[in-house]
Undergrad: 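I'd like to ask you about the structure that follows.
The basis for the numbers below is simple: all heavy atoms, side chains too, and nothing from hydrogens, waters or symmetry mates. Protein chains get the first letters and strands the later ones, always in sequence-line order, with residue 1 at the start of each. What you see is a predicted model; the values in this text were computed from it and never measured.
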Amino acid sequence: MSTMLEVKELASGYGSSEVISNVGFALAKAETLAIVGKNGMGKTSLLKAILGFLPAWRGSVRLAGKDVTRVAPHLKRKMGLVYVPQEHALFQDLSVRDNLRLGLLSDKDIDARFEQVGGWFPVLTKRLGQRAGTLSGGEQKMLIVARALMAKPGVLLLDEVTEGLQPSVVDRLSEVLVRVRREIGTSMIVVEQHLPFALSISDRYLVFKRGEIVDAANVDTDAAARIDEHMRI
Amino acid sequence: MPPLIVPALLVALAAAVILVAPLLLDTYLVNILVRACFVAIAAITVDIMWGYCGTLTFGQSAFFGIGAYALAIMFTEYGFGTWQIFAAIGAAVAVAAAVAAFTGWLSFYPGSTPLYASVISLVVPIVLVQILYSGGTFTGSSSGLVGFESFDLEIETWLRLAGLGLLATAVLALVVMRSDTGRLLSALRDNDSRCTYLGIDTSRLRIVVLVLSAIVSALAGFFYAGFGAVAAPENASFAFGTNLVIMVALGGRGTVIGPVIGALCIEVASAYLANSLPYVWELIVGLALIIVILVFPDGLLGAVMRLVKRGRSAVATTILQPAIAATAVSNPDAVAIEVRALGKHYGSLAVLDGVQFTAYRGELLSLVGPNGAGKTTLIRCLSDGRERSTGNVAIAGHDIARLPPDRVVRFGLGRKFQTASVFETLTVAECLRVARTHADPPALTSRSATLALPPAAMSVVERSGLGERLDEEARNLSHGLKQALELAMVLSLEPDVLLLDEPTAGLTRAERQGFADILTTLARRDRLCILLVEHDLDFVREISSRIIVLHQGRLALDGSVDEVVNSELVREIYTGQHVSHAEVPA
Amino acid sequence: MLTVALDAVTTAAMLFIIAAGLLIVFGVMKIINFAHAAFLTVGAYAALVGAHLNLPWFLVLPLAFVAGALCGGVTEIVIVRRLYKRPLDAILATWGLGIVLGQLITLMFGREVQFVQAPISGTVHLFGADYSAYRLVMIVAAVILGLLFTGLLNGTRLGLSTKAVIMNEMLAQGLGVDSSRVRLITFALGSGLAALSGALITPLSSVDPNMGVPWLIGAFMLVMVSGGSLLALAGSCAVLGTLQVLVSTFVNPILGGLTIAICAAIVLRIRPEGFARA
């Protein structure tokens with residue numbers, strides 16, 4: 001299998017404090033990797049460093065074989081790396097349709113993409129003209145994920161998509177993500193606190209602690225228990 | 001050698017140069033220098049407003065013009081004489097102060113932006129010039145007032161007086177700006193909202209500074225017109241106002257000396273070059289302005305000073321001492337926060353709805369909930385009376401009504417922001433001293449060598465290691481130390497209620513543990529009521545005496561640590577670690 | 001009476017044309033471009049040169065726009081780009097640029113006041129009054145400009161990207177929007193508009209190297225009051241422009257000249273965020 005994303009010895013931080021150190025992993029095509037760990041452990045910072053919103057202090061990021069460590073975020077998006085941020089992820093004052101349009105770089109294939117994404121999230125197709133800020137919390141989250149999927153992403157980075165969501169919405173999201181992977185072969189990184197959700201859709205997991213990887217393994221029946229050990233200490 | 005000797009020698013030298021210079025220079029240059037000295041005084045006032053207080057002002061020319069016209073109108077209407085001089089000075093000061101007070105009221109109010117203040121400062125000279133144009137013979141309209149009798153002094157005497165006036169103004173400005181009061185003004189520039197949350201009425205302070213600088217500028221204009229026996233609309237114009245700003249920008253904002261040099265050089269050079277190279281000269285000034293702003297934001301003198309400073313390190317001079325202890329807590333279990341039916345709406349969107357709780361002294365209350373639950377909004381509604389849409393909030397028994405934060409803080413509230421909010425260009429000791437503004441009013445002409453802190457603030461300073469770095473600039477501190485500094489600043493207010501927004505975010509494990517110890521001591525020993533917004537549930541569990549859960553703007557649960565941690569409701573809405581605990585067999 | 005009403009409408013239209021370029025720059029970048037006055041003057045001189053070369057009017061306008069847009073593009077790259085985090089310094093640096101351009105124009109064209117003939121001269125008989133035809137053209141121009149901009153902002157991909165950058169720049173970047181390109185285009189567009197407005201108003205005012213400055217203050221105040229919204233700008237121009245004409249006609253022309261500045265200052269004191277969402 002070909003490697004979609006490869007992170008090597010990556011370190012980054014804010015000001016003078018290093019918040020992620022020596023992080024390395026590889027993500028294969030159509031593979032899903034869960035990154036778990038408690039809050040404030042640098043998981044979001046890791047995603048930002050991969051995207052280039054935080055400068056890499058050391059190490060490298062390769063996307064589909066190309067070194068993209070110093071490539072600007074908007075250019076990485078053009079290479080198929082799509083990010084779903086945890087906070088302020090919607091243009092509240094734009095319509096649902098315009099939010100979805102922004103998921104694509106041009107309006108060229110827009111109808112075909114509306115069709116596929118609408119199939120995954122039927123609820124959104126009824127609200128295309130509505131202002132995004134007026135959607136319910138769960139619908140907003142679906143819109144954020146739907147917008148990311150408009151692009152048929154090669155690599156999708158999901159930052160705490162389940163936070164604050166009702167269990168039914170979480171189930172809907174995991175169904176869609178599994179279908180996406182099957183239908184368009186997207187590789188995913190799922191940063192999560194919600195372990196059952198993360199493990200149900202992932203092939204492998206990394207445990208993140210104070211900016212470093214402390215455990216990495218395949219998801220199997222004992223995974224939850226092993227992770228729980230790490231979270232407690 | 002006592003530290004004051006070198007500056008005193010420099011001042012004496014400058015005075016000597018001023019006294020001797022008129023004998024050596026030709027009349028034309030002396031003539032120009034007299035005007036330049038008065039312009040330089042106005043430039044100093046721009047520097048104080050902009051370089052120290054952070055308000056870019058184009059309006060100091062208006063006050064200069066008011067001074068000039070006060071003299072011109074008085075001498076034209078009533079002739080030259082002793083009472084006329086004093087009446088004119090009185091009028092200059094009074095009108096300038098009144099206009100400045102009104103301008104200040106327009107420009108500075110809670111929530112006003114620096115850009116808005118600049119806008120107002122633009123309008124003032126424009127309005128004034130139009131009034132002068134329409135004043136007929138009283139103001140001389142577009143040609144101004146000329147031909148009145150004025151002070152009859154030798155031109156050499158004028159230069160000596162103007163030079164000494166400039167020297168005195170510069171020395172006074174430097175002394176005040178380097179005093180504790182001056183550092184307070186710089187704190188205003190660095191972080192206005194932090195000042196507000198330290199109980200300082202920043203709008204009033206800015207208005208006072210504007211009025212004082214307007215008076216100085218008016219006096220400069222007064223003598224400028226007295227020297228030339230002319231008052232022209234150009235003296236009050238927006239163009240002159242921007243020229244003053246250019247002088248300050250080129251010379252070096254926030255240095256007093258830089259703007260003086262800038263003003264003298266530009267005035268003299270333009271007098272000589274404006275005739276030989278009329279347009280090219282202005283072109284050069286424009287280019288220089290662009291280059292200085294882009295390359296040396298703190299001006300030419302600022303750039304030089306940075307080079308000189310590079311080798312020197314701060315010398316520790318500040319001595320810590322305990323403040324006289326406040327009166328002992330009278331009722332250690334009194335109600336500290338009372339919230340009734342609190343709501344916050346943005347249009348139809350309700351961010352908070354019907355939130356209601358009471359907190360007592362000695363409690364360590366944690367506020368948890370998923371992102372977007374309204375935690376930070378709640379903190380804001382507790383500390384700023386203008387934020388909430390509905391309901392009531394009382395802090396230590398005082399209804400906060402619609403009061404701005406600086407008034408709420410005086411009821412005994414302290415708020416620490418999420419990202420460390422300190423005064424970046426001030427030293428640690430200066431930051432703490434600004435926080436003590438109400439307890440120890442700052443000295444106007446000197447810097448204190450000692451720093452008196454209440455016990456709680458003192459213990460944070462000592463435990464965090466800030467005590468060894470009192471004379472270092474805050475911007476050089478690590479993230480953790482900045483957080484500790486802000487906490488110490490807030491505790492310097494001796495609050496009854498402490499609001500903390502995610503104080504441990506980004507801290508190391510050791511720092512976090514230190515924080516936990518400090519907070520527990522504050523609640524137990526000093527009987528503070530602490531309300532803490534926190535993400536890290538372990539930290540919350542470890543230190544809280546009670547937990548409030550906020551979900552989608554409503555208060556979902558209010559109970560003891562055990563009640564909340566074991567609650568089904570919390571598992572459902574707060575999909576943190578506990579869900580995995582519950583659903584995944586260990 | 002009718003003349004006063006027409007004066008009010010045409011004044012509002014002129015204000016709108018001049019302030020629109022300043023508004024889009026402020027809306028996207030939160031920066032006040034004090035070189036706007038100089039770009040307006042550049043446009044006016046482009047019209048002057050065009051008139052001397054006997055170029056047809058429909059060629060002069062795009063020429064002025066291109067001249068302004070080029071100046072703006074270079075300005076963004078060389079100066080403004082470095083000052084996004086220092087908005088007050090950006091005011092000063094663009095003011096410095098204004099001085100430089102003003103002096104360059106003086107060196108090239110001299111200091112004297114010059115005039116350009118209106119392409120449409122004479123008067124139109126309207127509702128029983130004779131009125132300058134070219135002033136009426138201003139109304140048409142303002143409407144076309146307003147519609148073009150609304151269309152650009154709401155109907156094109158560039159407009160969508162621009163709105164995204166205004167609302168949340170980091171999110172927009174993550175979605176592949178090149179925000180520095182959006183800013184460059186916006187600044188060039190705003191500057192081009194300044195020059196276009198300069199070319200449009202030349203037949204109604206005289207041309208001299210400092211002609212832009214009096215306009216700048218009014219436009220600046222209108223932009224602050226409208227808080228970045230094109231519709232609010234149209235409204236502010238209509239209300240304050242009318243007030244200005246009324247005060248000038250019935251009270252005193254000098255006071256009339258101050259109407260916009262004073263009203264705007266007071267409005268902003270009461271409602272600091274302007275009327276973007278009113």
Undergrad: Please look at R147(A) and chain C and tell me whether the side chain, the backbone, both or neither of the residue comes under 4.5 angstrom of a heavy atom of that chain.
TA: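 Side chain only.
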Undergrad: Starting from the C-alpha separation in whole Å, work towards a yes-or-no answer on side-chain contact (heavy atoms from CB on, under 4.5 Å) for F53(A) and M170(C).
TA: CA-CA 8 Å; F53(A) 284 120; M170(C) 195 169 139; 3.4 Å; yes
Undergrad: First locate atom CG of D178(C), then atom CG of L75(A), and finally report the distance between them rounded to the nearest 0.5 Å.
TA: 6.5 Å
Undergrad: Taking everything shown except L231(C) itself, do over 12 heavy atoms lie less than 6.0 Å from its CG?
TA: no
Undergrad: Please state whether the side chain, the backbone, both or neither of S180(C) comes within less than 4.5 Å of a heavy atom of chain A.
TA: neither
Undergrad: Are there more than 12 heavy atoms of other residues, nucleotides or ligands under 6.0 Å from atom NZ of K152(A)?
TA: no
Undergrad: For the residue pair D93(A) and M167(C), what are the closest heavy atoms and their distance?
TA: CB-CE, 3.9 Å
Undergrad: So which part of L90(A) gets closer than 4.5 Å to some heavy atom of chain C, the side chain, the backbone, both or neither?
TA: backbone
Undergrad: Could you walk me through whether Y83(A) and L171(C) pass the side-chain contact (heavy atoms from CB on, under 4.5 Å) test, one step at a time?
TA: CA-CA 9 Å; Y83(A) 174 45; L171(C) 181 57; over 6 Å; no
Undergrad: Does a side-chain heavy-atom distance below 4.5 Å link L94(A) with L160(C)?
TA: yes
Undergrad: I'd like to verify something: which residue of A148(A), A89(A), P73(A), G103(A) has the highest number of heavy-atom pairs under 4.5 Å with chain C?
TA: A89(A)
Undergrad: Answer yes or no: does atom CD of E9(A) have more than 12 heavy-atom neighbours from other residues, nucleotides or ligands under 6.0 Å?
TA: no
Undergrad: Does the side-chain contact (heavy atoms from CB on, under 4.5 Å) test come out yes or no for H74(A) and R181(C), once each step is laid out?
TA: CA-CA 11 Å; H74(A) 71 271; R181(C) 189 172 142 263; over 6 Å; no
Undergrad: Do H88(A) and N168(C) make a side-chain contact, defined as non-hydrogen atoms from C-beta onward lying under 4.5 Å apart?
TA: yes
Undergrad: Could you tell me which portion of L51(A) (side chain, backbone, both or neither) has an atom closer than 4.5 angstrom to a non-hydrogen atom of chain C?
TA: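 Looking at L51(A), nothing touches chain C.
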